There are 2 protein chains.
Amino acid sequence: MSGIEDVASLAGVSKATVSRALSGRGYVSSETRTRVTEAAQSLGYVVSSSASSLVTGRTSNVGVIIPVINQWFFGSIIEGVERALLDRGYDLMLYNLTKSHAERTRVFEYFLVRKRVDAVIAVTLEITPEEAEQLLALGKPIAGIGGPLAGIPTLGIDDVEAARLATEHLLLLGHRDIMHVGGDLDEQMDFHVHTKRLKGYLQALEAAGIRYDEKSFVPTHFDIPGGYRAGKQILGDPRRRPTAIFAAADEVAIGIILAARELGLSVPEDLSVIGIDNHPLAEMFGLTSIEQRPDEQGELAVDWVIRQLEEPGWMPPTEHAYLPATLIIRSSTGRPRRTS
Amino acid sequence: MSGIEDVASLAGVSKATVSRALSGRGYVSSETRTRVTEAAQSLGYVVSSSASSLVTGRTSNVGVIIPVINQWFFGSIIEGVERALLDRGYDLMLYNLTKSHAERTRVFEYFLVRKRVDAVIAVTLEITPEEAEQLLALGKPIAGIGGPLAGIPTLGIDDVEAARLATEHLLLLGHRDIMHVGGDLDEQMDFHVHTKRLKGYLQALEAAGIRYDEKSFVPTHFDIPGGYRAGKQILGDPRRRPTAIFAAADEVAIGIILAARELGLSVPEDLSVIGIDNHPLAEMFGLTSIEQRPDEQGELAVDWVIRQLEEPGWMPPTEHAYLPATLIIRSSTGRPRRTS
DNA sequence: TAGGATTGTGGAAGCGTTTGCAGGCGTATG
DNA sequence: CATACGCCTGCAAACGCTTCCACAATCCTA
């Protein structure tokens, strides 16, 4: 492994000049620059990032804290974040905080603090006030996907609004008997997504003058099997069968559609189903959905933290940015067959 | 931010002793150790990893190169790797190499080399000889998931064997007319998985004395929609309908099942379907499958590289470790209705 | 043509750790 | 009682860069 010294002597300049030539900071004549570059090239020299971050105080790393990896929403965020970071010359340190509280503490108190990252992106992190405190105390740019969360800049779709949009679509089609299958309110892993989507649903119902029957909300797991089970349960009893279901996520919606099919119900003739996400599978199932783009959310979060890093004094435009969530109509929703 | 100096003076010892006390290397009386620990605690001191890696030459980072994130197999690997790394006190730097060749080169030549990682785990990476060369030239432990790949230690299931197992299961049930829906041979993203699974299928057919008709292999995308399209195409024509299909991945198999249902065929009465993976959705669809555990593959890869790092001279037991892939029988496979 | 601004380069001082070496002390060994 | 050895600690030298400062040379501009 050759050091900067070797490059310097091969190029016939000082270490200082090599550093300037390679980093592009400060004045270097273009002639020396090429000489240095060639010398570095021929020696296979690359700067030691530990040495350079020791003096500059920057690591070129961004930490990403995420509760799950293997789910479309979260995977897409990571992809977006990774892409954006790599584009700007930063590396991504991944922390999966799905597990024990012990590990969580360790990540917070130890890893993140240990001068290893320049900034932090926290994804739908149910964060305690102390933890938020800690993050802020790092003095490093932070962005949250999800939220809003007091004190740290966050971004994401407006979950209440998205849920209302979805429910309103069903109402507009003439449905009056609409159930909501959402996440379990007790096992919130994030910024109360489940509660918010339920809220949007309730708001829409109320605006339409429909009385809410608490049996109309069915909590389940946020995946296809969860939707399937809920669907089987709801649709199994013909007397208590709604004309439409608003599922809090596309995967849940798809599970419901599968359950409906199995019970011999046609969608949308016997049952309209709408979800949120515009999941890659939505198209195949003809699922009407509210689109959101987690990869773009990741990119925006990166933009926020990197700009704070590179443009001193820059701040995210708002405490919380509400991203667009638009209705995509497919074939899983239609007018109700029987009007109640 | 307080440095080691502050801790030293607060504890009334030298920097050297603080370093030894905190790192656990060298002799330190237990009394001073606690004094130092408390001092560090009260000052909120954490060592600067750049400073320490500058002198030790280790970063406590492991780089993971992976072509996709948002797919069950790959997501699970990342989860396994992350868990194992964090357990051992290492951090994970994620490189998603799905994109342009330019970016690929950049990662190889720049990021990985730049003294940023102690070891590399490459997941199903279609790697050129020069790239393998480069990786080895780093002089850092490397493990590949997938393979085998000459020169670097790899691990994974035996794809040929898994495919044969799957096909044999169908043969054993009495099927003679078995089609294979696999990946597109031209768009291999990895260690020729598609070719291998096709090969295992052919081997099983041959051993059973069944002549292979090249129309019996249908390539498609490796996901549910891909399987669905292939299924529609294959099953749409009643005259050319097999009694069983071996899908190269569970997601493809699920797509086929959905297509079959839509065409009014029952599984397994009219059509048996088997896949590979034991994907989380397999159970819901009653899908018979060959199980593999990507998360465990990730853990093993971590074990390999970390042991090389921490036990000088240690080497992975073999060039390539074949992990178990076991048949899980569910309800998507059964005896053929009509014997051909 | 003088003087300031701009450009280009080198010397040297760190950045915050780890670790080799040396020395001091206490205890076991001959 | 002298010697050896194990334990504990401090000093100071790296580790490989970046950047401040000084200085020189060149270029404008008045």
Side-chain angles (χ1 to χ4, degrees), chain A residues 1-37 39-40 43-61 89 110 113-118 139 309-310 312, chain B residues 1-37 39-40 43-61 89 110 113-118 139 309-310 312:
Chain A
M1 283 297 126
S2 44
I4 198 175
E5 192 76 60
D6 306 304
V7 181
S9 66
L10 179 57
V13 292
S14 69
K15 294 193 304 178
T17 302
V18 173
S19 174
R20 278 187 291 250
L22 262 33
S23 70
R25 269 182 295 268
Y27 297 114
V28 179
S29 75
S30 65
E31 188 212 347
T32 26
R33 185 187 310 281
T34 58
R35 203 144 34 87
V36 168
T37 312
L43 291 175
Y45 168 81
V46 281
V47 323
S48 152
S49 66
S50 5
S52 107
S53 32
L54 176 57
V55 39
T56 59
R58 336 203 94 183
T59 61
S60 289
N61 287 156
Y110 184 72
V113 179
R114 202 179 159 184
K115 286 135 192 166
R116 299 182 132 276
V117 298
D118 293 340
L309 242 27
E310 302 188 341
Chain B
M1 283 296 125
S2 45
I4 200 176
E5 192 76 60
D6 307 304
V7 181
S9 66
L10 179 57
V13 294
S14 70
K15 294 191 302 175
T17 302
V18 172
S19 173
R20 280 187 287 251
L22 261 32
S23 69
R25 270 182 293 269
Y27 296 115
V28 178
S29 74
S30 66
E31 188 210 349
T32 25
R33 186 187 309 281
T34 59
R35 202 145 34 88
V36 169
T37 312
L43 291 175
Y45 167 81
V46 281
V47 325
S48 152
S49 66
S50 5
S52 111
S53 33
L54 176 55
V55 40
T56 61
R58 335 204 93 183
T59 60
S60 289
N61 286 158
Y110 185 71
V113 179
R114 203 178 157 183
K115 286 136 192 167
R116 299 183 133 274
V117 298
D118 293 340
L309 243 26
E310 302 188 343

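In the text below, chain A, chain B and the rest are named by the order of the sequence lines, each starting its count at 1. Computed from a predicted structure; not experimentally measured.
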Subject >> Atom-to-atom span, NZ of B/K15 to C1' of C/dG16 - whole angstrom >> reply: 7 Å
Original post:
Hey, is the side chain of B/S49 poking within less than 4.0 Å of OP1 or OP2 on C/dT17, counting only N and O atoms?
Top reply: no
Original post:
Rounded to the nearest Å, what distance is computed from the CZ atom of residue A/R20 to the P atom of nucleotide C/dG10?
Top reply: 8 Å
Original post:
To the side chain of B/T32, which of C/dT9, D/dG10, D/dC8 is closest?
Top reply: D/dC8
Original post:
Given D/dC8, is OP1 or OP2 found less than 4.0 Å from the side-chain N or O atoms of B/S29?
Top reply: no
**OP:** To the nearest Å, give me how far apart CD (A/E5) and P (D/dA14) are.
**Re:** 14 Å
**OP:** May I ask you to verify if any side-chain N or O of B/S52 is less than 4.0 angstrom from the OP1 or OP2 atom of C/dT17?
**Re:** no
Original post:
Looking at CG of B/L54 and OG of B/S49, how far apart are the two atoms once the value is rounded to the nearest 0.5 Å?
Top reply: 11.0 Å
**OP:** Map B/I4 and A/G12 onto DNA chain C by nearest heavy atom, then report which one ends up closer to the 5' terminus.
**Re:** A/G12
Subject >> Separation of atom OH in B/Y27 from atom P in D/dC7, rounded to whole Å >> reply: 4 Å
Original post:
CG/B/N61 to OG/B/S53 distance, rounded to the nearest 0.5 angstrom?
Top reply: 8.0 Å
Subject >> Name of the residue among A/D6, A/L22, A/V36 meeting side-chain contact (heavy atoms from CB on, under 4.5 Å) with A/Y45 >> reply: A/L22
Original post:
In whole angstrom, what separates B/R25's CZ from D/dC7's P?
Top reply: 18 Å
Original post:
Which nucleotide in the set C/dG10, D/dT9, C/dG16 lies at the smallest distance from any side-chain heavy atom of B/L54?
Top reply: C/dG16
**OP:** Determine the contact category for A/S48: base if any of its heavy atoms lies under 4.0 Å from a base atom, sugar-phosphate if only primed atoms, P, OP1 or OP2 are that close, otherwise nothing.
**Re:** sugar-phosphate
Subject >> Nearest to side-chain heavy atoms of A/V55, which nucleotide of D/dT9, C/dT17, D/dC17 >> reply: D/dC17
**OP:** Just compare D/dC17, D/dT18, C/dT19 and give me whichever is closest to any side-chain atom of A/T56.
**Re:** D/dT18
**OP:** Could you please name the option among D/dT9, D/dG16, C/dT19 that lies closest to any side-chain atom of B/A16?
**Re:** C/dT19
**OP:** Calculate the interatomic distance between A/E31 atom CD and C/dG8 atom C1'; express it in whole Å.
**Re:** 11 Å
Original post:
Got a second to check how far A/D118's CG is from A/T56's OG1, nearest 0.5 Å?
Top reply: 8.0 Å
**OP:** Can you measure from OG (A/S9) to NZ (A/K15) and round to the nearest 0.5 angstrom?
**Re:** 11.5 Å
Subject >> Nucleotide C/dT18, atom P - distance to CZ of B/R58 in whole Å >> reply: 14 Å
Subject >> Whole angstrom value for the distance that separates C1' of C/dG8 from CZ of A/R33 >> reply: 11 Å
**OP:** Could you say whether B/V28 or B/A51 is positioned toward the 5' end of DNA chain D, judged by the nucleotide with the nearest heavy atom to each?
**Re:** B/V28
